Amino acid sequence: MEISLTRVYKSGGTNGTLTLNGHFLCFTIELPWRENKRLISCIPEGVYELQPRFSDKHKAHLQVLDVFNRSQILIHGANDAFRELQGCIAPVMQLTGIGTGIQSQRALQKLLSLCHQARDKKEPILLNINSNRYEYLKQIQQTHT
């Protein structure tokens, strides 16, 4: 199973859309891109393996494996990237602003259910992170006109 995360980068945070086989799953919120710096940046674009994980703090969630120069990158519930994330990804059902959303636990449960189904079938769970280049170019053009 390969889930796609298509991002739009803003100075105040990173918003994204998660899809599976072209079908919308939920939105995501993250910290802004800050050169992959630990605790203050979203992670680089690329393809990563996901692994279900459990901790006392986040309960059931996912871990993003093999992120260059980073560790403990998680996909867990959060509704405000700056208050609740340290380089991780939070799924949300609805975006409320740049780096903010609502109903994160509901979105996370939807994602976890799909991941557990894939694990039961012994399928690898992959996350393909890319960006919406059109949106980025449109923003650059507006800045320089």
Side-chain angles (χ1 to χ4, degrees), residues 1-120 123-140 142-143:
M1 175 174 81
E2 184 171 310
I3 300 166
S4 294
L5 169 53
T6 304
R7 291 172 166 165
V8 175
Y9 300 97
K10 304 283 186 179
S11 60
T14 302
N15 290 355
T17 304
L18 281 180
T19 57
L20 177 61
N21 300 324
H23 297 284
F24 174 80
L25 296 175
C26 62
F27 295 104
T28 62
I29 59 171
E30 300 174 75
L31 293 171
W33 174 250
R34 293 187 175 143
E35 307 301 321
N36 197 33
K37 292 181 182 165
R38 191 174 175 272
L39 304 176
I40 63 167
S41 176
C42 58
I43 63 173
E45 294 179 13
V47 179
Y48 301 96
E49 187 174 352
L50 299 180
Q51 178 177 12
R53 186 173 183 270
F54 186 89
S55 71
D56 289 336
K57 180 177 181 180
H58 296 296
K59 307 300 180 211
H61 59 280
L62 298 166
Q63 182 170 1
V64 184
L65 302 177
D66 300 321
V67 178
F68 180 72
N69 280 341
R70 302 281 290 277
S71 63
Q72 294 299 306
I73 302 299
L74 309 175
I75 297 177
H76 65 80
N79 292 306
D80 186 310
F82 279 99
R83 290 187 192 152
E84 302 172 87
L85 298 178
Q86 295 180 327
C88 297
I89 302 168
V92 294
M93 292 306 293
Q94 184 177 340
L95 295 169
T96 57
I98 304 300
T100 61
I102 58 173
Q103 298 181 347
S104 186
Q105 288 301 323
R106 184 172 150 217
L108 180 61
Q109 290 309 311
K110 182 178 183 180
L111 187 56
L112 286 170
S113 176
L114 291 169
C115 290
H116 287 302
Q117 290 173 37
R119 289 284 297 245
D120 290 346
E123 292 179 15
I125 306 164
L126 301 176
L127 177 65
N128 184 348
I129 302 175
N130 56 71
S131 63
N132 185 335
R133 302 280 183 216
Y134 172 77
E135 185 68 28
Y136 173 75
L137 294 172
K138 188 171 90 176
Q139 181 182 4
I140 294 297
Q142 288 173 349
T143 307

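All values reported here derive from a predicted model rather than from experimental measurement. Atom set for the values below is all heavy atoms of this structure, side chains included, hydrogens, waters and symmetry mates excluded.
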Considering residues at least two apart in sequence or located in another chain, which fulfil the side-chain hydrogen bond (donor to acceptor under 3.5 Å, both in side chains) criterion with [X]?
X	value
T6	N130
T96	T100
Q117	S113

To the nearest 0.5 Å, how far apart are [atom1] in [X] and [atom2] in [Y]?
X	Y	atom1	atom2	answer
I129	C42	CD1	SG	8.0 Å
D80	I29	CG	CD1	6.5 Å
I98	T14	CD1	OG1	9.0 Å
I3	N21	CD1	CG	10.0 Å
L50	C115	CG	SG	6.0 Å
N128	E2	CG	CD	4.5 Å

Do N36 and R70 have side chains that get closer than 4.5 Å, going by heavy atoms?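 When only atoms from C-beta onward are counted, R70 and N36 do touch, with a gap below 4.5 Å.
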
State, yes or no, whether a side-chain contact exists between L31 and S41 at a heavy-atom distance under 4.5 Å.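 Side-chain contact under 4.5 Å: no.
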
I need the minimum non-hydrogen distance between [X] and [Y], along with the two atoms involved.
X	Y	answer
I75	P91	CG2-CD, 3.8 Å
L114	M1	O-CE, 3.7 Å
P44	V67	CD-CG1, 4.2 Å
S131	Y9	CB-CE1, 3.4 Å
L18	L127	CD2-CD1, 3.9 Å
Q72	Q63	NE2-NE2, 3.6 Å

Is there any ring pair (Phe, Tyr, Trp, His ring centres under 6.0 Å) pair reaching into residues 39-63, and which pairs are they, with sequence neighbours excluded?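 For residues 39-63: H58-H61, H58-H76.
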
Quick check: are there more than 12 heavy atoms from other residues, nucleotides or ligands sitting under 6.0 Å from NZ of K59?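 Atom NZ in K59 is packed in, count exceeds 12.
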
Does any pair with a residue in residues 26-35 pass salt bridge (charged side-chain N to carboxylate O under 4.0 Å, His left out), and if so which ones, sequence neighbours excluded?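 Salt bridge (charged side-chain N to carboxylate O under 4.0 Å, His left out) check on residues 26-35 returns R7-E30.
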
Salt bridge (charged side-chain N to carboxylate O under 4.0 Å, His left out) contacts in which one or both residues fall within residues 93-119, not counting sequence neighbours: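 Output for this query is empty, none listed.
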
If only atom types and distance count, is the side chain of E84 paired as donor or acceptor with the main-chain N or O of N79 below 3.5 Å?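 Yes, because the side chain of E84 sits within donor-acceptor range (under 3.5 Å) of the backbone of N79.
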
